[in-house]
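Here is how names work: the chains are called A, B, and so on, in the same order as the sequence lines, proteins then strands, and each is numbered from 1.
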Amino acid sequence: MDETNDLMRQRKEKLNEIRDAGIDPYPHKYEPTHTTQGIHEKYQDVNDTPDEKNRVTIAGRIMTKRDHGKSSFAHLQDSTGRIQVYVRRDGVGPDSYLIYRRFDVGDIIGVSGVVFRTRTGELTINVDTVKLLSKSIRPLPEKWHGLTDKQTRYRQRYADLIMNPEVKEVFLKRTQIVQAIRDMLNEQDFSEVETPILQPIYGGASARPFTTYHKTLDQPLYLRIANELYLKRLIVGGYDKVYEFSRDFRNEGMDRDHNPEFTMLELYQAYADYIDVMKLTENLIANTVEKIHGTTKITYQGQQLDFSPPWQRMTMIESIKEHSSFNPETLSEDELYSKAVQAGIELDGNESKGQIIAELFDTFVEDKLIQPTFIYDYPIEVSPFAKKKPENPEFVERFEFFIAGMELGNAFSELNDPIDQRQRFLEQAANLAKGDDEAFMVDEDFLRALEYGMPPTGGLGIGIDRLTMLLTDQYSIRDVILFPQMRPEN
RNA sequence: GCGCUGUUAGCUCAAUCGGCAGAGCAUCUGACUCUUAAUCAGAGGGUUGAAGGUUCGAUUCCUUCACGGCGCACCA
């Protein structure tokens, strides 16, 4: 590493000088009376004459420092913003001033003083007491260009957050989004629950899991790929409305909208079907957008998006008809297969009709769905937990919704027929045996739960990271995850 | 996994056709009690991502590797 560089050596020397002067460079606490933002709001009207009634104490990180002989200006940054401080030798006393001159950009200090306005009109604290709160021995990036290298920003998010205030805005918004959703669900009498992340049998989605091992139990465990089957167990147990913000883990590739660990909101409502869930979804998301932005119309990467309900609804078959040159309804399985091959889709010939339809959808339709759109009625083969459509058992009551060409969520009328569910599990288990590493095992305990009887239920999953991308206008999922997955540096 | 592309001082970036590795900011020393990309005078700071090759000579050309970015593939 770069511990030997000159800048760090110099800072360590200053640290020792400060210690030698009898000052603790890492004291235990400090009691600010204000935040920088609070000062800007409260003291808008102060003039250039310092007045003792405008006394404040703040703590923050030195971001700029301009020393001029026996006085100095600096900007301190706290969690709410920045403010200028003016430190004079006559203000703090010669001993303190000498120590202050050993402070560097990056150091965290506390100051007390009186708010006034400088000759150039900037609100400033005229400091009379200064205290070192934490000595920084590693230099921050430069004040003007800041930190732009993506690798460093993702690996050292702490430095990114210090240097790039807009990054912090994104993550504060993420917090607000989650809070808005939580508030709305709580108002609607949903119960927030916690279910296992370490699961002996993974399921509820099609994905390769991460595997770990429990020594005492002497058995493998899987990091959840979904929490669906646990939440449905709770519906069996008598919860009518449950949800969980679930950190899920999928052992798959990473790209602009996939991170190996991500956050999914899953919710289940007894006695509802997927049409009810569609209404819930568009209202939940539209209200969230409105709470965050004050409107349901936002711009994402230059595209106007309108979240106001009702959203467009199309069956999967209709959507393929609209966005391709053929009508899948009128084609045989062989003809569909040919269309897929013509479109460049790689198939091994063992795919079912439903799998081919889903592939055609992915290729012809998905990236064209810019405005919020529900695509509903999915092939049964790709939907092992959804209820069949009464009039057509090849399809299930399932929808996904798409915005800006991204899949944002997935929902269905939950399959509650234990006999049918067992059959679907057996098909998955057969696929697993054939080498499909995204298929999953039979979950006997889940089947036992269904055998007790689960009410008709509507379920929903929403990708919170992707929703945050939309609402913060970020191109990459890595920009809405504080610590995105990276290869080790060395 | 494939293709393209990047990696030079703490940070942001230059370096012509292969010819002494530079700037700004930051740092250090000195001056300076309303500055704000403070100013002025001076100084220090490099294994050019790593290893190898070609060459009298490589930041520059070639090979391999490491770590990013973008696209594709995989994947909901």
Listed partners of A:R66 passing side-chain contact (heavy atoms from CB on, under 4.5 Å), at least two apart: A:T64, A:H68, A:F73, A:H75, A:Q84
In terms of side-chain heavy atoms of A:R88, which of B:U33, B:C11, B:C28 is nearest? B:U33
Quick one: side chains of residues 155-163 of chain A, donor-acceptor pairs under 3.5 Å with protein atoms, not counting sequence neighbours, listed by atom name and distance.
residue : atom : partner : partner atom : Å
A:R155  : NE   : A:Q151  : OE1          : 3.3
A:R155  : NH1  : A:R487  : O            : 2.6
A:R155  : NH2  : A:Q151  : OE1          : 3.2
A:R155  : NH2  : A:R487  : O            : 3.2
A:R157  : NE   : A:L482  : O            : 2.7
A:R157  : NH1  : A:D160  : OD2          : 2.8
A:R157  : NH2  : A:R478  : O            : 2.8
A:R157  : NH2  : A:I481  : O            : 2.9
A:D160  : OD1  : A:R153  : NE           : 2.8
A:D160  : OD1  : A:N164  : ND2          : 2.7
A:D160  : OD2  : A:R153  : NE           : 3.4

Check for me whether A:R174 meets the cation-pi criterion with A:F171, that is, NZ or CZ under 6.0 Å from the six-membered ring centre and within 45 degrees of the ring axis. no
So if I take every side-chain heavy atom of A:E142 and compare against B:U29, B:C75, B:G10, which nucleotide ends up nearest? B:G10
Please check the phosphate of B:U12 (OP1 and OP2 only) for any side-chain N or O of A:T148 closer than 4.0 Å. yes
Any A:R9 side-chain nitrogen or oxygen under 4.0 Å from OP1 or OP2 of B:G10: no
Let's see if you can work this out: which of B:C32, B:C34, B:C70 has an atom nearest to the side-chain heavy atoms of A:K150? B:C70
Can you tell me which residue pairs pass the side-chain hydrogen bond (donor to acceptor under 3.5 Å, both in side chains) test with a partner in residues 360-376 of chain A, sequence neighbours excluded? none
Do the side-chain N or O atoms of A:R138 get closer than 4.0 angstrom to the phosphate oxygens (OP1, OP2) of B:A26? no
If you assign A:G146 and A:D48 each to the RNA chain B nucleotide with the nearest heavy atom, which residue ends up on the more 5' nucleotide? A:G146
Any idea which of B:U33, B:U35, B:U12 is nearest the A:D149 side chain? B:U12
Between A:T35 and A:D78, is there a side-chain donor-acceptor contact under 3.5 Å, judged purely by atom types and distance? no
Measure the acute angle between the ring planes of A:F307 and A:W311, then classify it against the limits of 30° and 60° as parallel, tilted or perpendicular. perpendicular
Is the shortest side-chain N/O distance from A:K14 to OP1 or OP2 of B:C28 below 4.0 Å? yes
Which value, in whole Å, describes the distance between the P atoms of nucleotides B:A50 and B:A9? 10 Å
Any donor-acceptor N/O pair under 3.5 Å between B:C75 base and A:H258 side chain: yes
Please name all residues satisfying salt bridge (charged side-chain N to carboxylate O under 4.0 Å, His left out) with A:E333, sequence neighbours left out, ordered by chain then number. none
Looking only at heavy atoms, what is the nearest atom pair of A:R424 and A:A386, with distance? NH2-O, 2.8 Å
A:E438 near the nucleic acid: base, sugar-phosphate alone, or nothing, with a heavy-atom cut-off under 4.0 Å? sugar-phosphate
Under the criterion salt bridge (Lys or Arg N to Asp or Glu O under 4.0 Å), which of A:K388, A:K232, A:K387, A:R233 is the partner of A:E414? A:K232
Checking contacts here: which listed nucleotide (B:U35, B:C75, B:U33) is nearest the side-chain heavy atoms of A:T118? B:U35
For nucleotides 65-67 of chain B, give me every protein contact, N/O to N/O, under 3.5 Å, one pair per line with atom names.
residue : atom : partner : partner atom : Å
B:C67   : O3'  : A:R155  : NH2          : 2.7
B:C67   : O2'  : A:Q151  : OE1          : 2.0
B:C67   : O2'  : A:R155  : NH2          : 2.9

Look at the side-chain N and O atoms of A:R250 and state whether any lies under 4.0 Å from the OP1 or OP2 oxygen of B:C75. no
Quick one: label A:G463 by what it contacts on the DNA or RNA (base, sugar-phosphate, nothing), any heavy atom closer than 4.0 Å. nothing
Dot-bracket for RNA chain B, 5' to 3', counting Watson-Crick or G-U wobble pairs under 3.5 Å, with [ ] for crossing pairs and | for inter-strand pairs? (((((((..((((.....[..)))).(((((.......))))).....(((((..]....))))))))))))....
Side chains of A:I462 and A:L284: does their closest heavy-atom pair fall under 4.5 Å? yes
Considering only side-chain heavy atoms of A:Q84, which listed nucleotide, B:G24, B:U35, B:C74, is closest? B:U35
